[in-house]
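Each remark here refers to the structure printed beneath this line.
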Amino acid sequence: MGDVISIDGPAGAGKSSTARKVAQELGFLYVDTGAMYRAVTLAAIRNNIDVQNADQVTQMASKLKIRFKKIDGEYHTFLDGEDVSREIRSSEVADLVSPVSAIAGVRKVLVDQQRKMAQDHDVVMEGRDIGTNVFPDAEYKFFITADVEVRAQRRMKDYQKNGQALNQEKIVEELKKRDKIDSSREHAPLKKPDGAFVVDTTDLDFDEQVQIIVNKVKQ
Ligand code: DC
């Protein structure tokens, strides 16, 4: 079992970009668990499976092969051999990913895979339940937050990069809705893990966020 750095927090707080850079600086493997829930959601949409049908979604999820590959320095997500990195960031997937990730069976399938990924590697794993549920004994736990307006601005840039134009109001609504479902669901809800170090990134720039975490780990 390798060392685990867990990074949890609400959508758009800067977890992914920060976790990627921390992993690069420390030479750890980076695992974006949100991308795994998004890949399951995309597969449900493509297969016309109702996301309220927990059994069908779980059965489908257990057969999917979700993999990460680093290509030219960028992390790509593969679903059954197809690069779906762009599609999993669409607003259609964002709209349905919270109900999918509230399904206990889906969580079990993905959490088992996440635990296996840390068996032979040091990992920076990012998500909503990493420090509370996947690795409650992680060596280093972080909880990253930021004001919802600031998170919406960051998300808007992500969508623009992806070629989607959405207004900020819609994104604030989407984030609030997602945070509410993610924090109030029965199975592994989003909350600050015991013993986690909190990083509020509202007034921090990217390099500051990264350095706070890297310094804490090196201490
Ligand atoms: O980090 P993200 O926005 O890509 O995550 C997408 C959704 O996946 C998020 O709304 C909740 C869910 N998720 C989860 O339930 N548990 C995780 N460990 C990671 C993400």
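Read the numbers this way: they start at 1 and go in the same order the structure lists the ligands and their atoms.
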OG/Ser6 to CD/Gln114 distance, rounded to the nearest 0.5 angstrom? 12.0 Å
Applying a 4.0 Å heavy-atom criterion (strictly less than), which segment of Glu174 is in contact with ligand 1: side chain, backbone, both, or neither? neither
For atom 19 (C) of ligand 1, grab the closest protein heavy atom and report residue, atom and distance to one decimal in Å. Thr33 OG1, 3.3 Å
State plainly whether the residues Glu173 and Lys177 are in salt-bridge range, i.e. N to O under 4.0 Å. no
Any nitrogen or oxygen of Tyr37, main chain or side chain, under 3.5 Å from a nitrogen or oxygen of ligand 1? no
Sub-4.0 Å atoms of ligand 1 with respect to non-hydrogen atoms of Arg185: 14 (C), 15 (O), 16 (N)
Note, Lys191 side chain near Ser183 side chain (heavy atom, < 4.5 Å): no
Using the side chain to side chain donor-acceptor pair (under 3.5 Å) rule, collect all pairs that involve residues 97-112, keeping only residues at least two apart or in two chains. Tyr37-Arg107, Ser98-Asp182, Arg107-Asp129, Lys108-Asp112
To check your reading of the model: name the closest protein heavy atom to atom 18 (N) of ligand 1, its residue, and the distance in Å. Asp129 OD1, 2.8 Å
Protein heavy atom at shortest distance from atom 20 (C) of ligand 1: Gly34 CA, 3.5 Å
Would you say the side-chain atoms of Asp80 pair up with the backbone N or O of Lys65, donor to acceptor, closer than 3.5 Å? yes
Quick test: of every protein heavy atom, which one is nearest to atom 12 (C) of ligand 1, and how far off is it to 0.1 Å? Ser101 OG, 3.4 Å
Ligand 1 to Ser98, heavy atom cutoff 4.0 Å, flagged ligand atoms 10 (O)
Got the closest protein heavy atom to atom 6 (C) of ligand 1, with its distance? Arg178 NH1, 3.5 Å
Derivation of the side chain to side chain donor-acceptor pair (under 3.5 Å) call for Thr201 and Arg154: CA-CA 11 Å; Thr201 66; Arg154 292 176 185 160; 2.9 Å; yes
In the protein, what heavy atom is nearest to atom 11 (C) of ligand 1, and what distance, to one decimal place, separates them? Asp182 OD2, 3.4 Å
Passes salt bridge (charged side-chain N to carboxylate O under 4.0 Å, His left out), Glu74 versus Arg20? Steps please. CA-CA 9 Å; Glu74 301 263 343; Arg20 263 198 301 270; over 6 Å; no
When you measure from atom 4 (O) of ligand 1 to every protein heavy atom, which one gives the shortest distance, and what is it? Arg38 NE, 2.7 Å
Test side chain to side chain donor-acceptor pair (under 3.5 Å) applied to Glu126 and Tyr30, step by step: CA-CA 8 Å; Glu126 170 241 318; Tyr30 163 67; 2.7 Å; yes
Is Gln114 near ligand 1, meaning one of its heavy atoms is under 4.0 Å from it? no
Nearest heavy atom to atom 14 (C) of ligand 1 wins, so pick from Arg155, Arg128, His187. Arg128
Would you mind telling me which of Val4, Asp3, Ile130 makes a side-chain contact (heavy atoms from CB on, under 4.5 Å) with Val123? Val4
Cluster membership besides Val210, Ile/Leu/Val/Met/Phe/Trp/Tyr side chains within less than 4.5 angstrom, sorted by chain and number, is Ile5, Ile7, Val22, Leu26, Phe28, Val124, Tyr140, Phe142, Ile144, Phe197, Val199, Leu204, Phe206, Ile212, Ile213, Val214, Val217
Below 4.0 Å from any atom of ligand 1, is there a heavy atom belonging to Arg89? yes
Write out the residue and atom name of the closest protein heavy atom to atom 16 (N) of ligand 1, then the distance separating them to 0.1 Å. Arg107 NH2, 3.0 Å
